Amino acid sequence: MTELLKIQGLKTQFFTSAGTVKAVDGVTYDVEEGETVAVVGESGCGKSVTALSIMRLVAEPAGRVVDGNILFQGNDLLQLSEEEMRKIRGNNIAMVFQEPMTSLNPVLSIGLQLTETVQMHLGVDDAAARARAVELLGLVGMSDAERRLDQYPHHLSGGMRQRVMIAIALSCEPKLIIADEPTTALDVTIQAQILELMKNLTRDLGVAMIIITHNLGVVARYADRVNVMYAGKIIESGTAEDIYHNPKHPYTLALLKSVPRLDQPRGAKLDPVEGQPPDLARLDEGCSFRPRCRYATDACAASFPPTELIDGIHYSACFHKDKLDSPMKEAS
Amino acid sequence: MFKYTIKRVLLMVPTLFGAACLVFFLLRMIPGDVCELRMAGEGGYVDEDAIKTCQHDLGMDRPKFVQFVDFITGFAVFDLGESMWTGKAITHELGLRFQLSLQIAIMATLVAVIIAIPLGTISAIRQDTWLDYAVRTFSIAGIAIPSFWLGIMIILGLLISTQAWFGEPWMPPIEYVSPLEDPISNMVQLIWPAVATGYRYSAVATRMTRSALLEVLREDYVRTARAKGLLERIIINRHALKNSMLPVITVIGIEFAFLMGGLVVTEQVFNLNGVGKLFVESVQNHDYTMTQALVMLVATVFVITNFVVDLFYAWLDPRIRYS
Ligand SMILES: Nc1ncnc2c1ncn2[C@@H]1O[C@H](COP(=O)(O)OP(=O)(O)OP(=O)(O)O)[C@@H](O)[C@H]1O
Ligand code: SF4
Ligand SMILES: [Mg+2]
């Protein structure tokens with residue numbers, strides 16, 4: 001497999017009156033062609049800001065990427081001119097957002113919003129763009145595509161709108177789709193449908209995907225690789241197998257306990273991760289999970305634990321990763 | 001859409017009726033009437049009988065209710081009657097003045113829109129740069145400077161600069177000619193008051209455009225448009241401006257309706273015989289029929305403007321169009 005995206009030491013910060021918010025603080029991970037990579041973490045840990053940093057859409061001037069590289073097919077996106085970057089957005093890298101209700105423009109028809117990307121990047125004429133739009137709507141499982149094109153977002157349900165967003169994302173046959181919590185705002189049954197759709201489409205079309213979620217449960221069926229994010233850092237990464245069956249970080253362990261699992265005895269208690277995530281404007285030297293960690297020792301306060309290889313592609317950043325109880329034992 | 005239009009049109013009726021009630025009864029609460037004023041204008045001897053006769057001639061001795069019904073039915077069939085003061089047909093008195101005021105209002109609106117939308121847009125896109133500060137200063141000045149003062153300055157400026165360049169002072173013509181008759185002379189006369197009022201008007205609209213656009217630029221769908229890799233020009237024109245025009249159109253509509261009757265001082269400064277001046281005179285003269293006609297005229301312009309604004313809304317926003 002060839003490498004598609006390589007994020008190295010990415011740091012994105014917001015300069016606010018309350019101080020510097022280190023939203024992304026040295027994130028490193030790779031995405032290979034056609035691969036699905038998950039980024040998992042609690043609300044506010046910097047998942048969306050990481051995604052927006054890749055797209056170079058972090059809200060300026062408050063927010064800025066201050067360090068790192070984002071290599072896409074070998075080129076550093078952070079070095080591109082605004083115009084070069086614009087040609088990549090929607091064309092080579094597309095994005096699906098969390099809020100289907102507000103991510104489509106309420107005053108423009110579905111047809112226009114679908115065709116404009118194709119027309120922008122591929123320069124096709126109106127008829128070809130429209131034909132492509134019909135094809136795309138079929139692809140994302142929307143019946144009656146011709147009629148849909150003349151409808152407006154308020155005619156569609158949340159799930160339908162998210163299908164349209166996916167169709168837009170696919171329209172220029174991108175290499176990579178970044179899906180930022182694409183199902184969080186939807187009903188549970190619709191969530192499953194949309195996830196299934198994305199899984200099938202990315203597999204069939206060979207598109208790589210970064211899927212962002214705060215829920216370890218749904219990623220299980222999905223990702224080739226999982227990155228667990230906490231307070232702006234990737235604190236554990238590995239294959240889905242590594243993360244689900246051999247977690248090596250207390251935070252991952254806590255996340256696992258907070259989702260229902262098939263291999264757990266029925267009726268096992270679900271615990272949300274205890275405590276509050278830290279304020280990203282006030283982080284100290286030590287491990288940021290320390291206040292919530294029951295394995296914490298004095299060593300954890302002195303410095304941030306280095307990211308170390310466990311085996312294969314499984315990495316963890318915890319001083320006491322070898323002392324963790326297995327998730328099975330925890331559950332019983 | 002058809003239903004929406006019909007509903008809007010029907011909604012005009014109660015508004016106009018309300019305006020009619022208000023003006024009719026408020027006018028009659030002012031002490032004195034046109035006959036007393038005419039007979040006793042000089043403060044001399046008042047002939048009670050003459051006043052009675054005068055009031056009878058004008059139909060003012062009839063019960064209020066009858067007069068009201070008379071007024072309403074007249075208005076409903078577009079019969080405005082005669083002025084109580086001059087005795088001439090109101091349509092005759094109003095004709096040119098209405099045309100003049102309407103023309104100034106339209107021209108001022110055009111001036112305002114032409115200034116406001118580009119400036120407001122630039123100001124929002126270049127938020128917190130010197131361009132933005134310049135636009136904001138320009139528009140704050142527009143709100144702070146009274147139109148009549150600007151009008152006086154324009155006239156003085158014209159006098160001084162023509163004196164300097166051509167050796168003799170020049171003033172815009174005072175006589176109103178219809179734009180159909182002599183468009184050049186018409187424009188030369190009205191462009192100045194249109195600019196004087198349009199500037200203040202544009203200041204309000206510029207600020208509204210700026211703040212509405214800034215708000216829309218923070219919307220999720222603008223972020224989506226950026227993520228699609230669209231040109232900045234398309235993002236602004238197609239995705240942001242259309243949405244931000246809704247509040248701007250409302251402001252423009254209200255200002256337009258206001259201009260129809262509210263230009264009293266500016267008309268004075270430019271020596272124009274518009275609706276505003278007639279308004280003041282007719283109230284001073286206790287000219288009930290004329291004042292009523294003028295109020296109803298302005299109210300009608302107001303509801304029609306509102307209606308047009310609503311149509312714009314529907315045109316811009318499919319959520320209204322399809323509801
Ligand atoms: N425009 C901004 N100005 C200041 N701080 C910001 C801004 N945008 C994000 N942040 C901060 O960056 C941090 C990370 O935010 P981000 O949106 O990436 O979280 P997230 O992991 O996507 O959470 P969620 O699951 O709620 O979407 C948060 O602490 C947030 O307060
Ligand atoms: S380094 Fe220490 S505080 Fe941080 S997760 Fe590991 S044990 Fe807990
Ligand atoms: Mg987010």
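The model shown is predicted, which means the values in this text are computed figures rather than measured ones. Chain letters run A, B, ... following the sequence lines, proteins first and then strands; every chain starts at 1.
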Measure the shortest side-chain to side-chain distance between Q113(A) and Y221(B) over non-hydrogen atoms and say whether it is less than 4.5 angstrom.
no
Can you tell if the side chain of L230(B) reaches within under 4.5 Å of the side chain of R89(A), non-hydrogen atoms only?
no
Does R64(A) have more than 12 heavy atoms from other residues, nucleotides or ligands lying within 6.0 Å of its CZ?
no
Interface moiety of R218(B) toward chain A, non-hydrogen atoms closer than 4.5 Å
neither
Using a 4.5 Å cut-off on heavy atoms from C-beta on, say whether the side chain of N105(A) contacts that of T224(B).
no
Quick one: do the E116(A) and H239(B) side chains pair a donor with an acceptor below 3.5 Å?
yes
To check you understand the geometry: which heavy-atom pair defines the closest contact between P318(B) and P106(A), and what is its length?
CG-O, 3.1 Å
Under a 4.5 Å heavy-atom cut-off, does chain B meet the side chain of M85(A), its backbone, both or neither?
neither
Would one find more than 12 heavy atoms of other residues, nucleotides or ligands at under 6.0 Å from atom CZ of F312(B)?
no
NZ/K228(B) to SG/C172(A) distance, rounded to the nearest 0.5 angstrom?
10.0 Å
Taking the six-membered ring of F97(A), is NZ or CZ of R223(B) closer than 6.0 Å to its centre and within 45° of its axis?
yes
Does CD belonging to E215(B) count more than 12 external heavy atoms closer than 6.0 Å?
no
Using a strict threshold of under 4.0 Å (side-chain N to carboxylate O), is an ion pair present between E232(B) and R86(A)?
no
Chain A shares the most heavy-atom pairs under 4.5 Å, among E219(B), R226(B), R238(B), with R238(B)
Is L104(A) in contact with chain B via its backbone, its side chain, both, or neither, using a 4.5 Å heavy-atom distance?
backbone
With a 4.5 angstrom heavy-atom cut-off, is it the side chain or the backbone of I88(A) that approaches chain B, or both, or neither?
neither
Under 4.5 Å, counting heavy-atom pairs only, tell me which of K87(A), E99(A), M95(A), E83(A) racks up the most with chain B.
E99(A)
Against chain A, work out which of N243(B), I234(B), D317(B), D128(B) has the most heavy-atom pairs shorter than 4.5 Å and name it.
N243(B)
Okay, L52(A) and chain B: the region with an atom under 4.5 Å from a heavy atom over there is side chain
